[in-house]
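Worksheet for the structure shown next.
A note on names: the letters A, B, ... follow the listed sequences, proteins ahead of strands, and every chain is numbered from 1.
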Number of protein chains: 2
Amino acid sequence: MNQDQLKIPHATAKRLPLYYRFLKNLSSSGKQRVSSAELSEAVKVDSATIRRDFSYFGALGKKGYGYNVNYLLSFFRKTLNQDETTTVALIGVGNLGTAFLHYNFTKNNNTKIEVAFDVDPSKIGTEIESVPIFHIEDIEKELQKRGITVAILTVPVGSAQTIAEQLERAGVKGILNFTPARLTVASDIRVHHIDLAVELQSLVYFMKNYS
Amino acid sequence: MNQDQLKIPHATAKRLPLYYRFLKNLSSSGKQRVSSAELSEAVKVDSATIRRDFSYFGALGKKGYGYNVNYLLSFFRKTLNQDETTTVALIGVGNLGTAFLHYNFTKNNNTKIEVAFDVDPSKIGTEIESVPIFHIEDIEKELQKRGITVAILTVPVGSAQTIAEQLERAGVKGILNFTPARLTVASDIRVHHIDLAVELQSLVYFMKNYS
């Protein structure tokens, strides 16, 4: 399938990493095929949605047989660029940033935090999980040297916009923003925003209105 | 508007807390009206989506005038139950859990972490940001005593399912799950799952395919 022509819906695209991880576990355990019902139970997505999602990839399950695990897996690996590791920078080594450094991303995903930045003199020059911590003023130098274009932003909200502009100058094209700030950056930079307060409030709203 | 009849699309519902927070800031700064273009710029949602979202609430912006900030705000406050504070339990006081305790949820949202749990003897009996930390075996007792039905789960993946079952017995109806585990719980319990690895991989995927 031609990557350039593959324009699947956003909601489907967001579920790909989830499917991929589960299929990888299935394959490791020697399983050859999987039904949409089994997948549904494991990834907590209803099976009609799974069947529709998979139809976009040209994967059509057979009745009474299900999907071929290895076919799906090789498709997802290609689609998700699992054959190459994406290196990532972490900006802000507070509690949340430290949690990221201890999180073993590479176990199930080919993404790897390669370098971290902070302003705290007691952290600069040290390492956490073998990831070196530099001063924030070295962002441009270190990112360009390493060819890193993805950053996780876990700084205090007051510094978020300034640092986003620094990341822009450093050539970053994707930011995973964990601060409550809504960032203003060039339109060719993709920002995914995860706001812990919004997530919590959203859960409470859904509990009250959809249960 | 009758809450029972208000069944807005999930995607719209997820944006409500975001709109709410921005409108609250606008109102505090004395602003009386706002256009969908201004809102769009601030919350980073395209203005067509905002107009469609708002139409579900019966809020119709006037051309050249925009939306009435206070009308919207009072509507959102009611819809999001901002008049009552929702108390929340935090399970797992590692780096991620500690980040949550330091996060000032109540500033913009009427949700409040009231109690935390861990197994580390050096943490049990202490407080972080005035939130007391108990042993995980006290979950049922403490949650029932306090009438808490919402929990944030930031424990190691290996304990996630066991603790989810404990939360179920304690009467919890909503779990914000930050572990990579897909939880199996009773169908009347709402689980929102935020997987840091999936979020990172999703960002990389979108950068490569939608930029």
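- The CD1 atom of B:I194 sits 9.0 Å away from atom CG of A:L200, with the distance rounded to the nearest 0.5 Å.
- The side chain to side chain contact (heavy atoms under 4.5 Å, CB included) check on A:E165 picks up A:Q161, A:R169, with sequence neighbours excluded.
- Nearest heavy-atom pair, A:M207 versus B:R190, reported as atom, atom and distance to 0.1 Å: N-CD, 3.9 Å.
- Interface residue B:L176: backbone and side-chain heavy atoms are both found under 4.5 Å from chain A.
- Contacts of A:L203 with chain B are made by both backbone and side-chain atoms, with heavy-atom separations under 4.5 Å.
- Among A:S187, A:G94, A:P180, the residue making the largest number of heavy-atom pairs under 4.5 Å with chain B is A:P180.
- The shortest distance between side-chain heavy atoms of B:E41 and A:T184 falls below 4.5 Å.
- Neither the backbone nor the side chain of B:I189 comes within contact range of chain A; no heavy atoms are under 4.5 Å apart.
- Using a 4.5 Å cut-off on side-chain heavy atoms (C-beta onward), B:N95 and A:L96 make no contact.
- At a threshold of 4.5 Å between non-hydrogen side-chain atoms, the residues B:F178 and A:L196 count as touching.
- Between the side chain of A:R182 and the backbone N or O of B:V43, at least one donor-acceptor pair lies under 3.5 Å.
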Considering only distance and modelled atom types, tabulate donor-acceptor pairs under 3.5 Å from the side chains of residues 148-159 of chain B, sequence neighbours left out.
| residue | atom | partner | partner atom | Å |
| --- | --- | --- | --- | --- |
| B:T154 | OG1 | B:I91 | O | 3.1 |
| B:T154 | OG1 | B:G92 | O | 2.7 |

